[in-house]
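Shown next, in structure tokens, is the structure this report addresses.
So that the names make sense, note that chain A is the first sequence line, chain B the second, and so on, each numbered from 1.
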2 protein chains.
Amino acid sequence: MVRMPAAALPYYSIGVDLGGTNLRIAAVGPEGDLREKIALETEVKEGRERVIDDMCAAIADLRQRMGEAPLAGIGIGVPGVINLSTGMVVNSPNLPGWSDFPVRDEIERRLQTRVMLENDANAAALGEKYLGAGKNVSGLCILTLGTGIGGGLVLDGRIWHGEDGMGAELGHMTIDPNGALCACGNLGCIEAYASASAIVRMANAAIRVGRSAGLTAAAEEVGELTAEMVYIKARQGDRVACEIFEMVGRSLGVAIGNLINIFNLPLYVVGGGVARAWDAFAPELMAEVEKRSVVYRARRPRIERSALDTDAGLLGAAWLPQLDRSRLQTAHNAL
Amino acid sequence: MVRMPAAALPYYSIGVDLGGTNLRIAAVGPEGDLREKIALETEVKEGRERVIDDMCAAIADLRQRMGEAPLAGIGIGVPGVINLSTGMVVNSPNLPGWSDFPVRDEIERRLQTRVMLENDANAAALGEKYLGAGKNVSGLCILTLGTGIGGGLVLDGRIWHGEDGMGAELGHMTIDPNGALCACGNLGCIEAYASASAIVRMANAAIRVGRSAGLTAAAEEVGELTAEMVYIKARQGDRVACEIFEMVGRSLGVAIGNLINIFNLPLYVVGGGVARAWDAFAPELMAEVEKRSVVYRARRPRIERSALDTDAGLLGAAWLPQLDRSRLQTAHNAL
């Protein structure tokens, strides 16, 4: 009887998006096709052990669902600075108690498989490059607009980590030296103009001075404004809400114009939850880049909304082991 | 009789710094040691043929002086965008009439040796990396402060060219969205605050409103102010001249703070003629970077004045063929 060796089945891999609020886990096939997905809450307050328990249980569940197919490995996207050689989280404000703990080794030990850590915005950049908007380009830059703003760079097909894994801190680019105060202590970071928190801050400021009856009514209705509600008001024609998104667009235009002059890449991607308001800020973004960037005017690179939406980081994390496998194979074939 | 093969003599290479005003040519040994140097004026007004004639004659002269030593090739630094595959200048405001002419092939034909073109600021980055301040690092970023501001990036030992050779246009990073008008048409580029022309512009503005008797007297003495004269006045304690260099430093601090957040490199170099005023602007530069860059505060990368001064581009151009030779050798040895 001829028995198919296990390796003849196509490899799949598992990605984890370990956010401060949501814990999402997905299984992805060798073409980047999403096979299974689990969404949990990250019980950050219950401590690191609890979160790792939950994560490992969900991964075991996914593996069972995938049956006999061989697993290439697990990629985990983490909102913080990663030390790639030790597999530890160096610094993550959203995951208190995770610093200087051997996350990668612990999960490898528990699950008996290969684990790779990556910064979440870097994982999103990788996701867009290999499975999203960037399939046909050699490199790209992504800004993920969430509560804060993350940045990721893929140069010549690889994530740019910088000397200490702190590369691509694009959210803290100064775009107005005397501008709004950012959480990092600087004045005028792009994060202080184009993140969900910045949108809420600008909306609340307008409410305080009585500039927008529409936003005031919306805030009274729900108690606390969200960026999504400001977007809904903009779609309904509220002038102040529209102006806020115009500011988001102009600010992104300054930042992306700088990035175009610095990198001369073929593609710049805007991702994260705020990117869903693309129609409200994109026209100002494009006009600003046109005005500001000499390289944009000469080469007209693509500037696009994320193709993978808020799954970019999850799919990118899942793709890490597959990419590594295909690179090892290429290196092996070249021997 | 045993005869030494010619290849046993150490290779040397020739670098050309083809500026809009000065044409400088140097021979460099295999350790990056400067052997011979020729300085001419670039007779731009006489046309391209004349400049190429002058350059080739000077190179022939240098080769004669170097005797029997074998030549690894010629590197030419050009103030403009280069198409590396065709060896043509795509765009160079300082060299009218040079676009879309096969510069590399023409000089190769005339001199019967290998010629490599490179953007002048990229060549300066390469010079600092291999022969200057960056000998012990894998990558660096340079800003060359001259009439304008050029930028160069060495990532993992190689020049970052971007998709079309337009990467590292660092001089046109917006550092103040409503700031001074730049030659590129944008408002608030770093070039409009920290170049020699920006220094002269700020000094003349102070003179026009009668703010500085010292600068006014200096301007009257010579007819036309230079950045160097403003620096001399600053050294003599002129308050307005000092303030101008403080503005240079703060502006560079915003730009370099952004670059540190983006790249997380170990070294940032300030070069070009204006870098000679380092003591007048460096304290403000450092204070501003400290305030602005979260990655600077975490990692404290080096920020230094160019070690090669205004020879960085010339030596970097000369190093191009040597670097290429050593890479070919490494690749060959690996076969």
Go through the atoms of [X] and report whether side chain, backbone, both or neither lie under 4.5 Å from a heavy atom of chain A.
| X | result |
| --- | --- |
| B/Ala255 | neither |
| B/Arg292 | both |
| B/Ser138 | side chain |
| B/Leu259 | side chain |
| B/Arg250 | neither |

- Task: Specify which of B/Gly162, B/Gly171, B/Gly188 makes the most heavy-atom pairs with chain A at under 4.5 Å.
- Result: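 Highest number of pairs under 4.5 Å: B/Gly162.
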- Query: Picking from B/Asn178, B/Asn91, B/Val294, B/Asp164, which has the most non-hydrogen pairs under 4.5 angstrom with chain A?
  - Reply: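 When all of B/Asn178, B/Asn91, B/Val294, B/Asp164 are compared, B/Asp164 has the most.
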Using a cut-off of under 4.5 Å on heavy-atom pairs, state which of [options] scores highest against chain B.
| options | value |
| --- | --- |
| A/Ala168, A/Cys184, A/Gly185 | A/Ala168 |
| A/Gly167, A/Pro177, A/Pro301, A/Cys141 | A/Pro177 |
| A/Val137, A/Val81, A/Leu155, A/Leu153 | A/Leu155 |

- Message: How close do A/Val295 and B/Met166 get, counting heavy atoms only, and between which atoms?
- Response: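 Looking at all heavy atoms of both residues, the closest pair is CG2-O, 3.8 Å.
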- Could you tell me which non-hydrogen atom of A/His161 sits nearest to which non-hydrogen atom of B/Asn264, and how far apart they are?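 So the minimum-distance heavy-atom pair works out to O-OD1, 3.7 Å.
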- Query: Out of A/Ile175, A/Thr174, A/Asn186, A/Asp176, which residue meets the side chain to side chain contact (heavy atoms under 4.5 Å, CB included) rule with B/Val254?
  - Reply: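 Looking at A/Ile175, A/Thr174, A/Asn186, A/Asp176, the match for B/Val254 under the side chain to side chain contact (heavy atoms under 4.5 Å, CB included) is A/Thr174.
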- Task: Kindly determine whether A/Arg299 and B/Glu163 satisfy side chain to side chain contact (heavy atoms under 4.5 Å, CB included), including the steps that lead there.
- Result: CA-CA 9 Å; A/Arg299 310 305 313 175; B/Glu163 186 83 348; over 6 Å; no
- Are the side chain of A/Asn261 and the backbone of B/Leu170 linked by a donor-acceptor contact shorter than 3.5 Å?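 Pair absent, no side-chain N/O of A/Asn261 close to backbone of B/Leu170.
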- Query: So how far is it from B/Arg158 CZ to A/Asp156 CG, rounded to the nearest 0.5 Å?
  - Reply: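 Taking CZ in B/Arg158 and CG in A/Asp156, the distance rounds to 9.5 Å.
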- Task: Would you sort out whether B/Phe263 and A/Ile262 count as a side chain to side chain contact (heavy atoms under 4.5 Å, CB included), showing the intermediate values?
- Result: CA-CA 11 Å; B/Phe263 287 107; A/Ile262 292 169; 3.6 Å; yes
